Amino acid sequence: MSLIFDISAPGKNKLRLPESDPSYLSDIPPEMLNAGLDLADVGEAELVRYYTGLSRMNFGVDTGMYPLGSCTMKYNPKINEKIASMDEFAGAHPLAGPEMLQGALEVAHDLADYLCRLTGMGAFSLAPAAGAHGELSGVMIMKKYFEKKGESRGTVIIPDSAHGTNPASVAMCGYEVKEVPSTPDGDVDIRALSAMLDGSVAGMMLTSPNTLGLFDRNIRAIADLLHKNGSLFYGDGANLNAVIGTAKMRDMGFDIMHVNLHKTFSTPHGGGGPGSGPVGVADFLAPYIPSPVIVKKGETYLLDHDRPDSIGRVHSFFGNFLVALRAYAYISMLGFDGLRDVSRTAVLNANYLMSRLKSVYNLPIDRTCMHEFVLNDKDVPNGLTTNDIAKRLLDYGFHAPTVYFPLLIHGAMMIEPTETESKSSLDDFIAVMKKIREEAQSRPDLVKNAPLTTPVKRVDAVAAARKPVLKWTR
Ligand SMILES: *Cc1c(COP(=O)(O)O)cnc(C)c1O
């Protein structure tokens with residue numbers, strides 16, 4: 001596709017504004033007038049077609065199924081966008097005092113309350129701006145807790161299946177990361193864990209259900225081991241979509257957790273945000289959550305800054321409030337029963353795909369999954385790999401699954417359909433995955449050179465990461 005300047009030619013834009021009275025312009029500094037401003041000269045129809053064309057070069061959840069495991073790319077109801085753009089919310093000035101922000105504070109307060117009821121936690125702060133930021137805040141809470149107790153514990157245990165943000169958050173708080181292996185069928189190796197526990201272990205960070213899409217069958221035993229050791233149990237709640245309304249993280253034994261509102265509670269994400277990663281804690285850790293905390297006194301919402309044990313501010317103002325607002329709208333509309341249907345349907349959809357695809361691709365861990373599952377490229381003919389399959393999917397109008405993650409499965413394809421896909425779109429996906437497997441046998445060239453139909457073909461991903469070109473020069 002060409003640039004807008006390539007289709008620009010002098011005089012194409014027939015729109016002429018009336019001459020303005022030059023006396024109005026005299027106060028405006030000349031550099032602010034459009035002298036030197038390089039605008040394309042095109043007509044309106046051309047302009048609209050140009051940008052519509054650009055928008056169609058992209059793939060989004062509004063254009064097709066987006067089975068990107070771990071990311072929970074569900075369809076996001078458009079009403080949430082409408083609510084988030086209401087002037088009463090979007091136009092609220094962050095420096096306005098609580099007396100002028102009662103409605104917004106009520107939303108934030110009640111959302112924190114919903115999250116407590118859905119997870120069993122005692123307190124939530126909406127301040128963190130994303131999952132990773134929620135982790136960082138949660139680990140800071142862990143650190144503060146031990147500081148207060150006068151205990152010095154220097155390590156945090158993380159399983160080998162963990163999301164990369166987990167060790168990063170732990171390391172940023174000055175802890176040493178120790179890795180616990182998984183068993184061949186995807187649970188934490190509980191014997192190895194027991195052997196690692198001693199007075200140096202501040203806690204363990206575990207995603208539940210885990211990053212293989214599996215519910216750890218020993219979750220309570222893991223929690224008990226940690227608690228007996230005086231350690232805290234941190235739950236990465238990014239996969240909450242699998243259990244929301246069905247099981248509570250506190251009941252599994254977690255003391256601290258974060259929620260990815262942009263995943264579970266429907267905010268369009270990808271491409272860098274905005275997101276929101278509220279951090280939640282059990283009652284005994286409530287004094288440590290970020291300040292200020294929104295409290296309700298009578299019918300009035302106030303900001304409580306008097307929190308001596310708090311880890312302090314982790315974000316300006318109230319975090320990414322409009323993401324919280326979308327989550328509030330989503331939860332209010334579905335109700336807790338509706339949320340239970342969400343998780344059950346997400347799990348059903350994933351198991352349907354898994355059971356239909358396991359005869360087509362290798363399924364390294366074959367047991368009932370939660371909201372996602374992992375296939376790999378073992379035995380795909382002609383040396384074709386996960387990368388080739390992912391690229392070929394684009395030709396058939398599907399976004400690729402998450403590939404090569406988690407790291408402990410060689411050539412992983414991590415598939416998460418979410419609850420918003422219909423049976424017919426799941427069946428289309430199955431048919432295409434089968435077709436690609438057949439092509440790998442009969443027309444390996446097609447798969448090897450895919451994508452053939454997208455605006456951008458195979459890019460050099462390594463060069464793109466190592467030598468990013470962030471500035472466009474004409
Ligand atoms: C997405 C995700 C994260 C990080 O969340 P961000 O909002 O991207 O920072 C952490 N853990 C798991 C398991 C995730 O899927």
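Just follow the structure's listing: the first ligand is 1, and inside any ligand the first atom is 1. It should be emphasised that the depicted structure is a prediction, and the values quoted were computed from it without experimental measurement.
Note on ring orientation: taking the six-membered ring where Trp is involved, the planes of Tyr328 and Tyr114 are parallel (angle under 30°, cut-offs 30° and 60°). The aromatic rings of Tyr145 and Tyr288 stand perpendicular to each other, their planes meeting at an angle above 60°, with 30° marking the opposite boundary. Below 30°, between 30° and 60°, or above 60°: for Phe265 and Tyr330 the angle between ring planes is above 60°, a perpendicular geometry.
Given atom 3 (C) of ligand 1, the protein heavy atom at minimum distance is His163 CE1, 3.5 Å. Of the protein's non-hydrogen atoms, the one nearest atom 6 (P) of ligand 1 is Gly131 N, 3.4 Å. Closest protein heavy atom to atom 2 (C) of ligand 1: Lys263 NZ, 2.5 Å. For atom 11 (N) of ligand 1, the nearest non-hydrogen atom of the protein is Asp236 OD2, 2.6 Å. What sits closest to atom 5 (O) of ligand 1 on the protein, heavy atoms only, is Asn260 ND2, 2.9 Å.
With a 4.0 Å cut-off on non-hydrogen atoms, His269 does not touch ligand 1 at all.
Asp216 places no side-chain N or O within 3.5 Å of a backbone atom of Asp187 that could act as its donor or acceptor partner.
Using a 4.0 Å cut-off to heavy atoms of Thr165, the atoms of ligand 1 that qualify are 3 (C), 4 (C), 10 (C), 11 (N). Distances below 4.0 Å separate heavy atoms of Glu135 from the following atoms of ligand 1: 10 (C), 11 (N). Close contacts of ligand 1 with Ser70, meaning ligand atoms under 4.0 Å from a residue heavy atom, involve 14 (C), 15 (O). For ligand 1, the atoms sitting less than 4.0 Å from at least one non-hydrogen atom of Ala130 are 7 (O), 9 (O), numbered in the order shown with element in parentheses. Less than 4.0 angstrom separates some heavy atom of Ala238 from each of these atoms of ligand 1: 2 (C), 11 (N), 12 (C), 13 (C), 14 (C), 15 (O).
Side chain to side chain, Ser424 and Asp427 fail the donor-acceptor criterion of an N or O pair below 3.5 Å. A donor-acceptor contact closer than 3.5 angstrom links the side chains of Ser266 and Asn80.
We find that Lys296 and Asp110 are not joined by a salt bridge, their nearest charged nitrogen and carboxylate oxygen being 4.0 Å or further apart. With respect to Lys74 and Glu421, no salt bridge is recorded, no charged nitrogen being found less than 4.0 Å from a carboxylate O.
Heavy atoms of His262 come nearer than 4.0 angstrom to ligand 1 in at least one pair.
For atom 9 (O) of ligand 1, a protein non-hydrogen atom is found at a distance below 4.0 Å.
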>> Between Lys148 and Asp309, does the side chain to side chain contact (heavy atoms under 4.5 Å, CB included) criterion hold? Intermediate values first, please.
In response: CA-CA 9 Å; Lys148 276 268 151 187; Asp309 291 338; 2.9 Å; yes
